[in-house]
Each structure stands twice: as structure tokens, then as C-alpha cells.
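We name chains A, B, ... by the order of the sequence lines, and we start the count at 1 in each one. Since the model is a prediction, treat every value here as computed from it, not as a measurement.
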Protein chains: 2
Amino acid sequence: MDCIHYAIMLEIIERRHLRDQLGEAIRDRIVRQRLPANQSIGENALASELGVSRTPVRETLLGLERDGFVKAVPGRGFVVLPLSAEEARQLYPIVWSLERLALSDVTEVSPDLIAKLRGLNRNLESATTPQERKQIDADWHRCLISVSGNQRLAAMLEGAKASIARYEHAYMDAAGPCDQSIEEHEHIASLLDESPALAADAIEAHWRRGLAVILVAIEGTPQA
Amino acid sequence: MDCIHYAIMLEIIERRHLRDQLGEAIRDRIVRQRLPANQSIGENALASELGVSRTPVRETLLGLERDGFVKAVPGRGFVVLPLSAEEARQLYPIVWSLERLALSDVTEVSPDLIAKLRGLNRNLESATTPQERKQIDADWHRCLISVSGNQRLAAMLEGAKASIARYEHAYMDAAGPCDQSIEEHEHIASLLDESPALAADAIEAHWRRGLAVILVAIEGTPQA
DNA sequence: TGATTGCATAATGTATACAATCCATGTAAT
DNA sequence: ATTACATGGATTGTATACATTATGCAATCA
């Protein structure tokens, strides 16, 4: 029994397609505006920069098109879509509707899960780097919607959240989730086992506040 | 000035990627179970059958993976995912949540739109072939959610509806939308300008009934 | 007989090739 | 000077090639 068998037994070998690994890198370039909006993506340059061929790059871009990062224009490749207040106004309600759905119809919430949410929230409090804070915040929401057990819902939310990340990066404080977010998380966690309906209202309010921040940043006017 | 210039001026020339055209064909093969579930898709056979190379076929399959039709397994290609009551229970609530969202926050509904809905519903009544009925039903729902103006929402719903079409084809009466559906459509249209909230409730009920039909067909028991 | 190994074949994942088309620059004509 | 057009290089969309990995089957062994 050699090391390969051990690897299989322990599920160490985890093969991933190149396109999945590239996703992170290319999304990052878009979020950080290294690939500017309204500009066609040079597939050759991107591929050689990433050390792969055009094929997996194009596969990744097709996925990013589904998530609303880019648009494929016949004959001129993939174009990075611009951010807009209008799109933000479209995206956020989708997210809060889907997270509401995750919390509806929940009959019983395990104490373990609430404990896990509280733990993540503590980690969020003590996190130092913005990157870490954003990561933990995303984990907290993933954990929250896991109560539904709805995998299709989780997958759709992943895509929508990725789009929203663009707006948060571009317009929100680079520090990441603030104290108010942490308080709201705690509030939601505490509501979870008493009244899922109230928790659903709270999660919607949480996102509404996030949208308001973004819209102020984009449009300047406090209430638009 | 030759015919090509005219074509461009009139926007007659509409270039589409092969992957988009293949989408319909491959989805159809899955829905009709010509590509059976739990079975890996032979890309070579499919490509030559469709008269194209593997490249656009694979691009299409990546899109179908996003819509939950297939799953890419590293090393063994794309596998057609099986239908399950569990997935149906996940999909339908997503659809009614998103259609609810489309109807919420609607301030003013144009009379034109209501007239168009009623017109489509009449077409649905007089449609003859099941294919036509399904097409018109889909158009009716597209028209309904267009009141929101939320394009991201519309795109997500397209994907979710495509998945649901698999269930409807496999388990619902092949005749397509029935008289009750038409009545419900009419009811929803009439509620639309008075009370969007009630219309939202009605559209949810519409989909809940659809889910119930599917679940009975899959599981047999009337209330599960 | 039943399980296992080894090999041959087929299929996948990625890279590369090639034809079509886009875009920028330059040139001529008005 | 501006427009129209021609031309070349660059880029895309699709096809094909190639290396790796999976799959099936026959031969071997317990």
C-alpha cells in the first residue's frame, strides 16, 4: 500500500479543473479593476499572464458571464461590464429574497449551528485584515443559509454574492464589515431559534442597509 | 450600397455563438431523456451528431452545469444529473421567491402590460399543441416579471425555469398548462394593478400547486 | 469460479492551429 | 480638413491535436 492509496483514502487528492482555479484570479482582477470596465479582455495576454492556454481562460470567462461580470459580444470577445446603481438595485433584492427563502420554512434550528454562527461572528470581531473580515463575513452568510439545506439556493447565492463583492470592493469601506454588521449578525442569530420570520426580516434589513451604503457611495444622495 | 449594408442598418444580421444555438438542442436531449441521467455524456458523439466540434459543445455544457442539468466530474466529463423530489422541492421555492420579488415594489402597472398578459392568456387558451402551450406559458411568466425591470432577476429566472422544465416534461401531463393555470393567470393579471402583494401571493400559490403536482407524480403520496 | 493485473482502446482536459472578422492606421479623393 | 476606403496586424470563434487519465476486456492467479 503506497502513498497514492493513502491519498485516495484520505481524500487528499482533489482534482480541480483549471477553469475553477482561474475563476478566483480573474474575478479578482475585475474586482480590483485591473481589468477595467467597458473594455474588451485580451484573452491571449490574460492566458499567458496566468500561465495557461486560452481554452481554460475562456471557460472561466463563460462562468463569469453567468455571474454578470462580463458579457460575450460576438466577434469582439468578452467585455467587462460596468458597475451601476441600477444593477446594485437589482442585485441586492435578489440576495435578500433568496436569504429570506433560506430562513423561511425552517422548523428547527440546531444549537450547533447557532453556536457556529456566534463563533464566526466572534472571529469576525477579532479579525485584523480586511480580506479576512470579508472572508469570515461570507462564511457567516453561507453558514446561515445552510439551515435550509437547499443546495440550488446556495449555488445561486454564491453567484449573486460574487457580483455584489464587486460593489462592496469598489464602494464600501475597504475595512470590510463594520461593528454594526457584527451587531446585526448577533441579532439575527439570536432570533433564529425563536422566530425565523423575524430573522428573515432582520436579514433583509441587513442587506437593505448594505445597499443604502452602496447607493450613497455611487449617487451621493442619502435617500434615492 | 449593397445588401450587406442594409442588413446592418436594419439589424437583420444577428450573429450568435454556436454554444447558444446548441443550448436548445442539448437541453432538449436531456429533457426528453435522450441523454439519460447518471450517464456521462460522450462529447465526441454529441459533437459530430450536432455537426460541430467539441469546443462549442463543451461551452454549452458548462452553461448547462450552471443551470443544474449536468455536473462536470474531473476526469470523466459531464454527467447528466438525475431528477429528484428533493431537487424539485429546492427549485420551485426559488422560482416563486424570485417571481414574488418581481411583483413586490411595483408601484404602477401599465395597462398595456395587463392587456398583453390577457392576450397571451387567450392565446394559451386557444393553443393547440403542447409545445405551443408551454411556450406561451413561459412567455406569460416572462411578461409578468418584466414589470420589475430587473434584468438580473430575469436572467436567474430563465435558468431556474429551464431546470423546472425538466420536471414538468418528465412528470406533468404532456398537454401542458391546464384550464386551472389559465384561470390562475387571469386572476393574477386582475390583481396586478389593485394589489401587487395579493398578486405575489397568487403567483406563489400558482407555483406551489405546480410543485404539488410534481411531487405527487414522483412520490405518489398526495401530501408529503 | 472469482478476483486481479495488464494492456488496448477510448475519452477527457488543455494546448495549439487556422480561418474569419475586427480595429487601427494610412492613403486618396472630395 | 474630412470622409471614404483599403490594408495589415491583432483578436476572436471554432476546429483539431496531443498528453493524460479513465474504462473495458482478456489473461493470469488464488
Would you mind telling me which of [options] lies closest to the side-chain atoms of [X]?
X	options	result
Pro56(A)	dT12(C), dA15(C), dA15(D)	dA15(C)
Arg54(A)	dT12(D), dA15(C), dT12(C)	dT12(D)
Glu43(B)	dT14(D), dT12(C), dT14(C)	dT12(C)
Arg76(A)	dT14(D), dC22(C), dT23(D)	dC22(C)
Arg15(B)	dC22(C), dT14(D), dA15(C)	dC22(C)

For [X] and [N], what is the distance between atoms [atom1] and [atom2] respectively, to the nearest whole Å?
X	N	atom1	atom2	result
Glu59(A)	dG13(C)	CD	C1'	8 Å
Leu61(A)	dT12(D)	CG	P	10 Å
Phe78(B)	dA22(D)	CZ	C1'	16 Å
Gln21(B)	dT14(D)	CD	P	8 Å

For this session: Classify the nucleic acid contact of Leu22(B) as base, sugar-phosphate or nothing, counting any heavy atom under 4.0 Å across all strands shown.
Result: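 Since no nucleic acid heavy atom lies under 4.0 Å of Leu22(B), the category is nothing.
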For this session: Could you check whether Val73(A) gets within reach of a base, just the sugar-phosphate, or nothing at all, counting any heavy atom under 4.0 Å?
Result: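 Sugar-phosphate, backbone atoms only, no base.
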For this session: Mind telling me whether His185(B) and His141(B) have parallel, tilted or perpendicular rings, with 30° and 60° as the class edges?
Result: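 If you compare the ring of His141(B) with that of His185(B), the planes turn out perpendicular.
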Exercise. Can a donor-acceptor pair be found between the side chains of Arg209(A) and Ser181(A) at a distance below 3.5 Å?
Worked result: yes
Problem set entry | Whichever of Gly75(A) and His17(A) has its nearest DNA chain C nucleotide further upstream toward 5' |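 Here His17(A) is the residue nearer the 5' end.
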Exercise. Do Asp67(B) and Glu158(B) have side chains that get closer than 4.5 Å, going by heavy atoms?
Worked result: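 Side-chain contact under 4.5 Å: no.
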Exercise. Given side chains that start at C-beta, do those of Leu103(B) and Ser148(B) come closer than 4.5 Å, heavy atoms only?
Worked result: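 Counting from C-beta outward, Leu103(B) and Ser148(B) never come under 4.5 Å.
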Exercise. Is any side-chain nitrogen or oxygen of Thr55(B) closer than 4.0 Å to OP1 or OP2 of dT14(D)?
Worked result: no
